[in-house]
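Residue numbering restarts at 1 for every chain, and letters A, B, ... go by the order of the sequence lines. In this text, all values refer to a predicted model and were calculated from it rather than measured experimentally.
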Amino acid sequence: MSAPPFETAFRVRDYDLASTLHSGQAFRWTADGNGWSGVVDGRWVRLTQIDEETLGAETWMEPGDWGWLRHYLQADIDLRALVTQFPSDPALLEAVKTCWGLRLLRQDPWECLASFLMSSTKQIPQIRQIVADLARCFGTPVPTPPGRPVWHAFPSAKRLSVLGEFDLRTCRMGFRARYLRAAAVWVTAGQLSLESLHTMDRTHARQALMQLPGVGPKIADCVLLFAYGFAEAFPVDVWILKALREIYFGGRAVSMSALETFAAGHFGPHGGYAQQYLFHWMRRRAGRVTAGVFGGMEEYSHGH
DNA sequence: CCCCAGGCAACTG
DNA sequence: CAGTTGCATGGG
């Protein structure tokens, strides 16, 4: 068996790594030189965008065939084919052009659920801070190259289930501690089987998640989209609410049920991708994030 | 001091 | 039912 460092390269098309890793779907990626460090599948990983057609990856543990990382990155998704299934909609096309290369990741269900339980009335930098504290305090250390900061795996449900709310609150999550503890206990006890959601349809999987205290429609949809790959899931948060109201309802107040009906009918089978583009576009316009490698200058043209 | 944050649950009318 | 309010904590 070979020794670290382990490195590989992924051939990609239309993949903007920076936008993807900072789009508010995953919370642990940290700028590291010309790349980003994080933990995937219990391994420390550093990712770089070598050029528009190549992503670089290095780790310090035996990586096998790298399938775990390819799966996480969803690098085989044909983005150009996917967006041709979007509705012919000026605002959406503008978002797609501006944020071209933005992707959906495929995250671990437990980490995704726990992270989004931390998200209610928190800004993304604060969610990142809570998740980082959780990993540092309760996660298992993972091998990293000498001279680098120590990285920890995200703590398992079993590990968190034995903690009290007081312990969890040391990570500054406030009232969310009760929700996180309940989720950890339920998942550990098998009262909610995260594995079984893979075999359910979206409606039933959503119902199962919403049994958990602290999981409403928005957080459930985030988990369905970011961890289980339900492509139609369309999380409606404050940014998307504002976007849909401005773009499609002339700024008028709209009920949540009306929005859900509209979104399901308008955005089609890849509503989740449409949502991610609208979300990122709104945040970029508000100056919360900056443009990625394609800089919004791509020659993207729509198929209609 | 104010207000708000990738929401949700509990409480009103 | 729909609409409002409290919630921990941090930052502008």
Whole-Å P distance, C:dG3 and B:dG6 = 24 Å
Which of these nucleotides, C:dC7, B:dG6, B:dC8, is closest to any side-chain atom of A:Q275?
-> B:dG6
May I ask you to test the A:T98-A:R284 pair for a side-chain heavy-atom distance under 4.5 Å?
-> yes
To the nearest angstrom, the CD1-C1' distance between A:I127 and C:dT9 comes to 13 Å
Separation of A:L113 atom CG from B:dG6 atom P, in whole Å?
-> 19 Å
Atom CZ of A:R176 and atom P of B:dA9: how far apart are they, to the nearest Å?
-> 13 Å
If the P atom of C:dG6 is compared with that of B:dC2, how far apart are they to the nearest Å?
-> 14 Å
Listed nucleotide nearest any side-chain atom of A:F175, set B:dG7, B:dG6, C:dT9 | B:dG7
Nucleotide nearest A:Q276 when distance is taken to its side chain, options B:dG6, C:dG10, C:dC7 = B:dG6
Between A:K122 and A:G214, the residue closer to the 5' end of DNA chain B by nearest nucleotide is A:K122
Can you tell me how far P in B:dC8 sits from the matching atom in C:dG10, rounded to whole Å?
-> 22 Å
Please report, rounded to the nearest Å, how far the P atom of B:dC8 is from the CG atom of A:L209.
-> 11 Å
For A:G216, answer base if it contacts any base atom (sugar-phosphate contacts may also be present), sugar-phosphate if it contacts only those atoms, and nothing otherwise; contact means non-hydrogen atoms under 4.0 Å.
-> sugar-phosphate
Any side-chain heavy-atom pair from A:W100 and A:V83 closer than 4.5 angstrom?
-> yes
Using atom NZ of A:K218 as one end and atom P of B:dG7 as the other, report the distance to the nearest whole Å.
-> 5 Å
Taking the side chain as every heavy atom from C-beta outward, state whether A:R181 and A:L160 have any atom pair closer than 4.5 Å.
-> no
What distance do A:H22 atom NE2 and A:D16 atom CG have between them, rounded to the nearest 0.5 Å?
-> 10.5 Å
Within this structure, what is the CD1-to-P distance between A:I240 and B:dG6, rounded to whole angstrom?
-> 12 Å
Scan A:T121 against the nucleic acid and name what it touches under 4.0 Å (heavy atoms): base, sugar-phosphate only, or nothing.
-> base
For A:F267 and A:F86, run ring pair (Phe, Tyr, Trp, His ring centres under 6.0 Å): C-alpha distance rounded to whole Å, both residues' side-chain angles, the deciding distance at 0.1 Å, then the answer.
-> CA-CA 6 Å; A:F267 293 108; A:F86 282 177; 7.9 Å; no
Starting at atom CZ of A:R288, determine the distance to atom C1' of C:dG11, rounded to an integer number of angstrom.
-> 11 Å
The side chain of A:Q126 lies closest to which of these nucleotides: C:dT9, B:dC8, B:dG6?
-> C:dT9
Just call it for A:L212: base, sugar-phosphate, or nothing, with non-hydrogen atoms closer than 4.0 Å on any strand.
-> sugar-phosphate
Under 4.5 Å between any side-chain heavy atoms of A:K158 and A:W110, yes or no?
-> no
Verify the stacking flag for A:F279 against B:dG6: centroid separation must be under 5.5 angstrom and the ring planes must differ by under 30 degrees.
-> yes
Hey, does A:V215 reach any base, or is it just sugar-phosphate, or nothing, if we go heavy atoms under 4.0 Å?
-> sugar-phosphate
Residue closer to the 5' end of DNA chain B, A:Y179 versus A:W239 (nearest nucleotide) = A:W239
Scan A:F226 against the nucleic acid and name what it touches under 4.0 Å (heavy atoms): base, sugar-phosphate only, or nothing.
-> base
Mind checking A:S23 for me? I need base, sugar-phosphate or nothing, with any heavy atom below 4.0 Å counting as a touch.
-> base
Distance, rounded to the nearest Å, where A:R128 contributes CZ and B:dA5 contributes P | 19 Å
Would you classify A:P235 as touching base, sugar-phosphate or nothing, given that sugar-phosphate means primed atoms plus P, OP1 and OP2, and contacts are heavy atoms under 4.0 Å?
-> base
